[in-house]
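Values in this document were obtained by computation on a predicted structure and should not be read as measured data.
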Amino acid sequence: MEPQQQAGSGDAPPKQVAQAMDRLGRAARLIAEIRLGADRILEALLVSNENPRLSEKAAELTLGEEDAMRRHFLDLRTVGKQLEDSGVLSGALRSRGNSWGLHMPLVCPDGAVVAYAWKRQLAGQAGASAVDRARLALKAFSDQKRRFFPQLEDDQLNRSNNDTIKFPPTKRPRLLHRPTQSPNIDSTEQKPMLADILKSIQTEAPGVTISTYQRLEWSKRAESLASTMNDSSLDQPKEQILSNLSGSFNEVAVIELVASGVFRVLVSLHPAGSTDPDAVAFFSPNEGGSYLHSRGMSVHHVFKHVTEYADKALQYFQSSDPNKALSHLLSWICSHQSLFTKNCSKCSKLLAMDKSLALLLPPVHRPYLLNSKDHDQDFATAYHIGCSSYDV
Amino acid sequence: MTVKWLMHFQPNQGTTLTSQVMAEACAVAESFPGVSRDGRWRSAMTFYRAVPRDQSLPAPSDLPRDLIGISLHDLPNEYLFVMRSQRLILRAHSSVQTVMDKLQSYKGRFFINFEGLQYKWGDFKLRIGKCLYNPNEALRGIVMEVEYLPLSSMDKSQRVMEEFYEIWREAVASKLLAGQFINTEVNFVEYGLGDSYTPQHTAVLYGMCVVQVIASSNKNQ
């Protein structure tokens with residue numbers, strides 16, 4: 001085995017990232033070796049079954065493989081520990097106070113490995129703005145063509161709506177199998193409109209303030225939250241309006257839900273203006289800064305764990321009921337208003353010591369499974385991580 | 001600002017408070033898995049008394065005779081005053097202490113220092129400290145500050161803090177310390193303070209807590 005060079009925290013982030021990528025590669029190779037070893041053992045068993053004469057040789061082979069496998073497992077465990085220590089597997093997306101803007105490689109819940117965690121967000125934003133630019137360019141071309149070459153009848157450019165651009169299915173690793181949808185199919189036929197969903201959630205949960213933002217608007221607001229948090233005289237954000245923080249609902253990309261004194265949750269929609277949730281994150285109401293976005297992570301343990309669980313809930317809603325995923329998600333989020341007051345449904349206590357994490361936490365797991373009945377889904381139970389009976 | 005609770009140690013009847021108790025309390029804190037020591041902390045309190053300009057005239061009744069000044073460990077640039085009789089709190093820049101010295105309208109009569117160790121435990125921060133009477137460094141009491149970082153609302157954090165307090169009390173009792181920690185109960189509404197936690201809340205807590213500490217230490221002597 002090559003000598004292990006520990007990249008301590010004194011090393012520059014690129015080295016840490018390189019080390020982490022290297023370890024991930026090694027882990028992948030070890031896993032492949034283990035698979036091969038298992039195959040060989042099975043083959044040996046099969047051969048010895050068919051051909052009793054060769055059973056002694058097969059036994060020898062099996063023993064040899066067993067040794068090799070044991071070594072591979074030990075190595076894998078070491079690599080795993082190294083990865084854990086460097087923060088790769090915990091998926092900690094800390095953008096605050098991190099040098100050079102680099103993060104440890106992130107192993108996403110779906111198995112994708114992202115070398116730089118901000119890459120995904122940038123890619124998403126680049127994709128979105130590329131779509132906008134393409135749309136504007138097409139509009140400009142068609143306008144010019146109509147002006148200068150009116151004699152040319154071109155159905156493809158003139159007849160189409162201004163907004164129809166069928167972009168190819170974007171790679172969205174967090175989503176499970178979903179039919180690609182162009183954003184401007186008349187959504188009233190298939191799915192409820194964004195405004196209706198938000199209104200119904202607002203009536204269902206009056207204690208939660210819901211606001212909508214375009215992508216850039218939200219970035220500015222997140223930054224401004226950082227400075228207002230220092231002023232302790234400010235009690236609540238002034239925005240109370242549900243409708244029209246952004247001009248129309250066509251470009252809403254971020255939904256912010258605030259339960260006063262309890263949480264601030266960000267849900268991003270992709271594509272903008274649609275009713276398809278893309279990512280969700282929970283934060284403390286006293287947090288502010290550029291790391292406050294739907295793929296960010298709170299600095300507080302309680303909200304970190306709720307966010308991780310929320311990722312799973314989102315994937316579940318998208319796969320089981322894609323048309324109503326947003327409604328279900330928002331209802332589920334609103335049920336967390338009692339995050340710090342509702343006792344665990346199993347042990348009846350509020351705070352419990354989680355032995356593996358060595359943390360005192362309130363019940364952060366709220367089951368999200370949907371009933372077959374369509375209506376009145378109230379996500380009323382809550383469990384501590386250790387009390388949660390689901391294998392999630 | 002994030003929510004804090006303040007407790008002081010009440011020794012059992014007939015026992016005296018020693019530094020050993022402080023070490024034992026710190027040991028209880030360190031016995032929880034996942035606790036990490038996070039440095040030291042220090043706050044200072046001054047009891048001011050009014051100095052009448054003209055000795056012959058009686059002091060005007062609307063001016064407070066006693067004033068408590070507090071410098072908090074997490075706000076080094078500020079100084080807070082608490083007037084318990086009028087239920088008023090004033091938040092000022094730390095240079096106001098020089099102003100007080102120059103004005104001489106109020107003189108510092110006695111001084112109490114709080115100093116000790118600070119621990120981080122997940123989303124909680126614990127500060128255990130000795131309460132030292134300044135001139136002779138006599139140990140007057142032991143206080144513990146508990147801070148819950150995710151929340152700033154007193155109301156929403158009430159249950160969390162209560163359960164933490166129970167967990168702490170059970171741990172202290174199981175380690176057989178010679179006494180127990182008592183929480184400082186304050187009616188913040190009387191001081192005009194709202195649900196959102198502020199340094200003013202901390203100042204009031206300390207003011208109230210010190211009174212109880214002094215009372216219990218006088219009783220035990």
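- In this structure the side chain of A/Val302 reaches within 4.5 angstrom of the side chain of B/Tyr148, judged on heavy atoms.
- Counting only heavy atoms from C-beta outward, the side chains of A/Phe340 and B/Ser157 never approach each other to under 4.5 Å.
- Between B/Pro150 and A/Ser284, the closest heavy-atom pair is O-OG, 2.5 Å.
- Taken to the nearest 0.5 Å, the CG atom of A/Asn286 stands 11.0 Å off from the CE atom of B/Met1.
- For chain A, the nearby part of B/Phe124 is the side chain; its heavy atoms alone come within less than 4.5 Å.
- Atom CZ of B/Arg87 sits in a crowded spot, with more than 12 heavy atoms from other residues, nucleotides or ligands closer than 6.0 Å.
- No more than 12 heavy atoms of other residues, nucleotides or ligands sit less than 6.0 Å from atom CZ of B/Arg84.
- At distances below 3.5 Å, not a single donor-acceptor pair connects side-chain atoms of B/Asp123 with backbone N or O atoms of A/His300.
- Atom-to-atom distance recorded for B/Phe32:CZ and A/Leu360:CG is 7.5 Å, nearest 0.5 angstrom.
- If you measure heavy-atom distances from A/Leu361 to chain B, the contacts under 4.5 Å come from the side chain alone.
- Interface remark: of the candidates B/Met154, B/Lys156, B/Glu166, B/Lys156 forms the most heavy-atom pairs closer than 4.5 Å to chain A.
- Within residues 343-353 of chain A, the residues approaching chain B closer than 4.5 Å by heavy atoms are, in numerical order, A/Asn343, A/Lys349, A/Leu350, A/Leu351, A/Met353.
- Distance alone, capped at 3.5 Å, places no donor-acceptor pair between the B/Ser153 side chain and the A/Gly261 backbone.
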